[in-house]
Peer 1: 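Encoded as structure tokens, here's the structure I'll be asking about.
Because the structure is a prediction, the values reported are computed rather than measured.
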Amino acid sequence: MPELAETYACVPSTERGRGILISGDPKSNKVLYTNGRSVIILDLNNPLNVSVYGEHAYPATVARFSPNGEWVASADVSGTVRIWGAYNDHVLKKEFKVLSGRIDDLQWSPDGMRIVACGDGKGKSLVRAFMWDSGTNVGEFDGHSRRVLSCAFKPTRPFRIVTCGEDFLVNFYEGPPFKFKQSHRDHANFVNCVRYSPEGSKFISVSSDKKGIIFDGKTAEKIGELSSEDPHKGSIYAASWSPEGKQVLTVSADKTAKVWDISEDGSGKLKKTLTCSGSGGVDDMLVGCLWQNDHLVTVSLGGTISIFSASNLEKSPLQLSGHMKNITSLAVLKSDPKCVLSSSYDGLIVKWVQGLGYSGKLQRKENSQIKCFAAAEEEIVTSGFDNKIWRISLHGDQCGDGDSVDIGSQPKDLSLALLSPELALVTTDSGVVMLRCTKVVSTINLGFAVTASVVAPDGSEAIVGGQDGKLHVFCIVGDTLKEEAVLEKHRGAITVIRYSPDFSMFASGDANREAIVWDRVSREVKLKNMLYHTARINCLAWSPNNSVVATGSLDTCVIIYEVDKPASSRMTIKGAHLGGVYALAFTDEHSVVSSGEDACVRVWKLTPQ
């Protein structure tokens, strides 16, 4: 059976003008963040050690480990909190509908018995505290009139809860059962985050008015502020205390993170400003942070995770990044099969190296959206939603200059002749366009609705698939297409066609969940009855030795067929990607790489049955 060898994680979902709250487990050095419906558990010591929980029915917003590290509570935009096991199969313990709107923050009580959650809701219920096992309320939380962005539980007895939100208030509750004690209106804008120090003597609130205010943990009196010498110049989105409670890390929209020394009397003095290398655009705004043991973790709006060392702040950070959106295509470079390029429609191309993981982004000069993506030896070819095809030269990790050509209509599929990559075949709604380098040599109206195409590696033949499920085989003569045969077997629109590497076979997949392997010379069916998906086939790939075909589908599965064996002896990877598999590629005979809607890339090792 195929085994999961590596997962290259997606990055946290971010939103302009809002902070995100990441959290961790100090014992195991793991951090939690969310992307779409997934909750990701990432090991800071080994970023390839990733675990994903995908059982939420709605996009997840925040997740936290319980104090003993055994359980995770995660919340989503529908106001539901799920409590599940942190290890192995992530067994669901409880599920509660807590608020009527989105939950923005939740916190466990230090004894692990109670959970407080806050966010948006109809009416007055913007904050709720409940018992973790029964869901019964423990207190009344009045005093907020707008969305509550953050809440914190005092980590020592006597228990207190403090909340803050879009009504500029910081509210303080005593209990349990909790009831309103007092409110502070010291901030002049949204209060984005409130956090107790680990020993419970103080708490800090940070706000979009660029200020951070420190309060006494027991009485909630204001005792100090972060110094106005060299302050943040933008909204402060998040704050995190050091384990011994003497320092605070803050991050801001001014693209910097700052470490503050907090004295006993509650005043904060700047110790160090941390900056990350980046392009300097809005994507470098920092929106989330976490101080975990010796790691200072910051997250930027573009999703890049930077990990600084607390014991040596001068050291440049380790940067991890990846995709935030659905990964629609993968390419493996022939010159270096360990290297995988992935692209998502928001225009991001990421380079991954097997065994190492993230190895950089490819920065194009023209950062347009990407719909189709192909890579030859020294160049990448992309098309977006603006009718243009770009050819961009590749120099190691750098993109050179790009040339573009406008083909007059929206490209749907893009295929390169691998042995002579200057030839490209592009499908549009009603026909195909042939390109040599960046010159349109012919635009051919085929008279039927075209849905997929492929050009032979040597540029001598092309196969075009239609909405009607027919495969049209064309011979390429000069710059024109001559129809040779029409193959009828599929019962749904053709979604993908691929030649085998040795050019002796080709495989096709359709929207009616069926795949077929054909012999290229005789045009007979070589492998039939490949009907094991339950939804549209999105992608397929051949192994380098032509013996194995892998198909990926909207039903979240990857199925691996051996060409010489009947289709019933297939191997299935269930739930490979939450939301569907959108791209597949082989890096060698025994490794298949998949990517999908969940913005993760996974490497599977195939062991012969």
Peer 1: Going by heavy atoms in the side chains, are Leu394 and Glu379 under 4.5 Å from each other?
Peer 2: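 Leu394 vs Glu379: side chains apart.
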Peer 1: Counting N and O atoms only, with roles assigned by atom type, does the side chain of Ser415 sit under 3.5 Å from a partner on the main chain of Leu425, one being a donor and the other an acceptor?
Peer 2: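 Looks like no, no N/O pair under 3.5 Å.
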Peer 1: Is it true that atom CG of Asp406 has more than 12 heavy atoms of other residues, nucleotides or ligands lying nearer than 6.0 Å?
Peer 2: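 Yes, enclosed.
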Peer 1: Are side-chain heavy atoms of Asp598 and Cys10 found at a separation under 4.5 Å?
Peer 2: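 Answer no - side chains too far apart.
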Peer 1: What do you reckon, is CZ of Phe385 surrounded by more than 12 foreign heavy atoms closer than 6.0 Å?
Peer 2: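 More than 12 within 6.0 Å, yes.
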Peer 1: Examine distances only and state if a side-chain atom of Ser300 and a backbone atom of Asp283 form a donor-acceptor pair shorter than 3.5 Å.
Peer 2: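 A pair under 3.5 Å: yes.
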Peer 1: With a 4.5 Å cut-off on side-chain heavy atoms, are Pro2 and Val592 touching?
Peer 2: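 Contact flag for Val592/Pro2 side chains = no.
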Peer 1: Inspect the contact between Arg82 and Glu95 and indicate whether a charged nitrogen and a carboxylate oxygen are less than 4.0 angstrom apart.
Peer 2: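 Salt bridge: yes.
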Peer 1: Can you name the closest pair of heavy atoms from Met571 and Thr607 and give their distance?
Peer 2: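 Result for this residue pair: SD-O, 4.2 Å.
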Peer 1: With heavy-atom distances below 4.5 Å as the criterion, would you say the side chains of Tyr561 and Val517 are in contact?
Peer 2: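 A side-chain contact is absent here, since even the closest heavy-atom pair is not under 4.5 Å.
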Peer 1: Taking the six-membered ring of Phe503, is NZ or CZ of Arg520 closer than 6.0 Å to its centre and within 45° of its axis?
Peer 2: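 Yes, Arg520 sits over the ring of Phe503.
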Peer 1: Between Ser591 and Lys605, is any pair of side-chain heavy atoms under 4.5 Å apart?
Peer 2: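 Yes. Closest side-chain heavy atoms under 4.5 Å.
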Peer 1: In terms of relative ring orientation, are Phe506 and Trp518 parallel, tilted or perpendicular, with 30° and 60° separating the classes?
Peer 2: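 Correct class here is parallel.
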Peer 1: Run the side chain to side chain contact (heavy atoms under 4.5 Å, CB included) check on Glu484 and Arg523 step by step: do they pass?
Peer 2: CA-CA 11 Å; Glu484 299 251 305; Arg523 302 193 178 120; 3.5 Å; yes
Peer 1: Taking Arg498 for its side chain and Ala507 for its backbone only, find out whether a donor-acceptor pair lies under 3.5 Å.
Peer 2: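 Not confirmed, Arg498 side chain does not pair with Ala507 backbone.
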Peer 1: Give me the atom names and distance for the closest heavy-atom approach of His56 to Ser74.
Peer 2: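 It is NE2-OG, 2.6 Å.
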Peer 1: Considering only heavy atoms from C-beta outward, does the side chain of Leu481 approach that of Ile476 to under 4.5 Å?
Peer 2: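 They are in side-chain contact.
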Peer 1: State whether the side chain of Arg391 and the backbone N or O of Asp403 hold a donor-acceptor pair below 3.5 Å, judged by distance alone.
Peer 2: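 No; judged by distance alone, with no hydrogens or angles, the pair does not exist.
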Peer 1: Given 3.5 Å as the limit, does a donor-acceptor pair link the side chain of Thr61 with the main chain of Ala75, or not?
Peer 2: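 Between the backbone of Ala75 and the side chain of Thr61 there is a qualifying donor-acceptor contact (under 3.5 Å).
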Peer 1: Do the side chain of Thr427 and the main chain of Thr451 share a donor and acceptor less than 3.5 angstrom apart?
Peer 2: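 Such a contact is absent between Thr427 side chain and Thr451 backbone.
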Peer 1: Could you go through His577 and Ser594, starting from their C-alpha distance and side-chain angles, then the distance that decides it, and tell me whether this counts as side chain to side chain contact (heavy atoms under 4.5 Å, CB included)?
Peer 2: CA-CA 8 Å; His577 294 276; Ser594 65; 2.7 Å; yes
Peer 1: Tell me whether Arg64 contacts the main-chain N or O of Ser23 through its side chain, where contact means a donor paired with an acceptor under 3.5 Å.
Peer 2: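 Checking the backbone N and O of Ser23 against the side chain of Arg64, no donor-acceptor pair under 3.5 Å is found.
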Peer 1: Just wondering, do Trp352 and Val603 contact through their side chains at under 4.5 Å, heavy atoms?
Peer 2: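 They are not in side-chain contact.
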Peer 1: Less than 4.0 Å between a side-chain N and a carboxylate O, is that true for Arg491 and Asp510?
Peer 2: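 Here Asp510 does not pair with Arg491 in a salt bridge, since their nearest N and O are not under 4.0 Å apart.
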Peer 1: Please report the closest heavy-atom contact between Met434 and Gly478, naming both atoms and the distance.
Peer 2: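 Scanning both residues, the minimum pair turns out to be CE-O, 4.1 Å.
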Peer 1: Let's go through Ile389 and Thr438 carefully: what are the C-alpha distance in whole Å and the side-chain angles of both, what is the deciding distance for side chain to side chain contact (heavy atoms under 4.5 Å, CB included) to 0.1 Å, and is it a yes or a no?
Peer 2: CA-CA 8 Å; Ile389 307 277; Thr438 48; over 6 Å; no
Peer 1: If you measure from CD on Gln410 to CG on Asn387, what distance do you get to the nearest 0.5 Å?
Peer 2: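 Gln410 CD to Asn387 CG: 6.0 Å, rounded to 0.5 Å.
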Peer 1: Sub-3.5 Å donor-acceptor pair from the side chain of Asp413 to the main-chain atoms of Ser453, do we have one?
Peer 2: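 Present.
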Peer 1: What pair of heavy atoms forms the shortest contact from Ile20 to Ser13, and how long is it?
Peer 2: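 Shortest heavy-atom contact: CG2-O, 3.5 Å.
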Peer 1: Under a 3.5 Å distance rule, please check whether Asp555 uses its side chain to pair with a backbone N or O of Thr534 as donor and acceptor.
Peer 2: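 Checked: pair present.
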Peer 1: Please check: side-chain N/O of Asp519 versus main-chain N/O of Lys526, any donor-acceptor pairing under 3.5 Å?
Peer 2: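 No, because the side chain of Asp519 does not come within donor-acceptor range (under 3.5 Å) of the backbone of Lys526.
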Peer 1: For the CD atom of Glu597 and the OH atom of Tyr582, what is their distance to the nearest 0.5 Å?
Peer 2: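 Nearest 0.5 Å value for the CD-OH distance: 5.0 Å.
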Peer 1: Quick one: closest heavy-atom pair of Lys470 and Asp468, and the distance?
Peer 2: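 Smallest heavy-atom distance, with atoms named: N-OD1, 3.1 Å.
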Peer 1: Any side-chain heavy atom of Tyr33 within less than 4.5 Å of one from Val62?
Peer 2: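 Sidechains of Val62 and Tyr33: no contact.
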Peer 1: Angle class for the Tyr53/Trp84 ring planes (parallel below 30°, perpendicular above 60°, tilted otherwise)?
Peer 2: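 Rings of Tyr53 and Trp84: parallel, under 30°.
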Peer 1: Between His323 and Ser595, is any side-chain donor less than 3.5 angstrom from a side-chain acceptor?
Peer 2: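 Absent: no donor and acceptor within the cut-off.
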Peer 1: Should we say atom CD of Glu3 is surrounded by more than 12 heavy atoms from elsewhere, each under 6.0 Å from it?
Peer 2: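 No, CD of Glu3 has 12 or fewer neighbouring heavy atoms, counting only those of other groups under 6.0 Å.
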Peer 1: Check the pair Val549, Val563 against side chain to side chain contact (heavy atoms under 4.5 Å, CB included), reporting the backbone distance first and the verdict last.
Peer 2: CA-CA 7 Å; Val549 174; Val563 177; 4.1 Å; yes
Peer 1: Rounded to the nearest 0.5 Å, what separation is found between the CH2 atom of Trp604 and the CG atom of Leu4?
Peer 2: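 It comes to 4.5 Å.
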Peer 1: Could you grab the distance from atom CG of Leu414 to atom CD1 of Ile407, nearest 0.5 Å is fine?
Peer 2: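 Leu414 atom CG to Ile407 atom CD1 measures 9.0 Å (nearest 0.5 Å).
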Peer 1: Could you state the interatomic distance from CD1 (Ile392) to OG1 (Thr382), rounded to the nearest 0.5 Å?
Peer 2: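 That separation rounds to 4.5 Å.
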Peer 1: For a quick test of reading the model, state the closest non-hydrogen atom pair linking Pro317 to Ser306 and the distance between them.
Peer 2: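 Of all heavy-atom pairs spanning Pro317 and Ser306, the closest is CB-CB, 4.1 Å.
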Peer 1: Report the distance from atom CZ of Arg436 to atom CG of Asp479, rounding to the nearest 0.5 Å.
Peer 2: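 CG of Asp479 is found 5.0 Å from CZ of Arg436.
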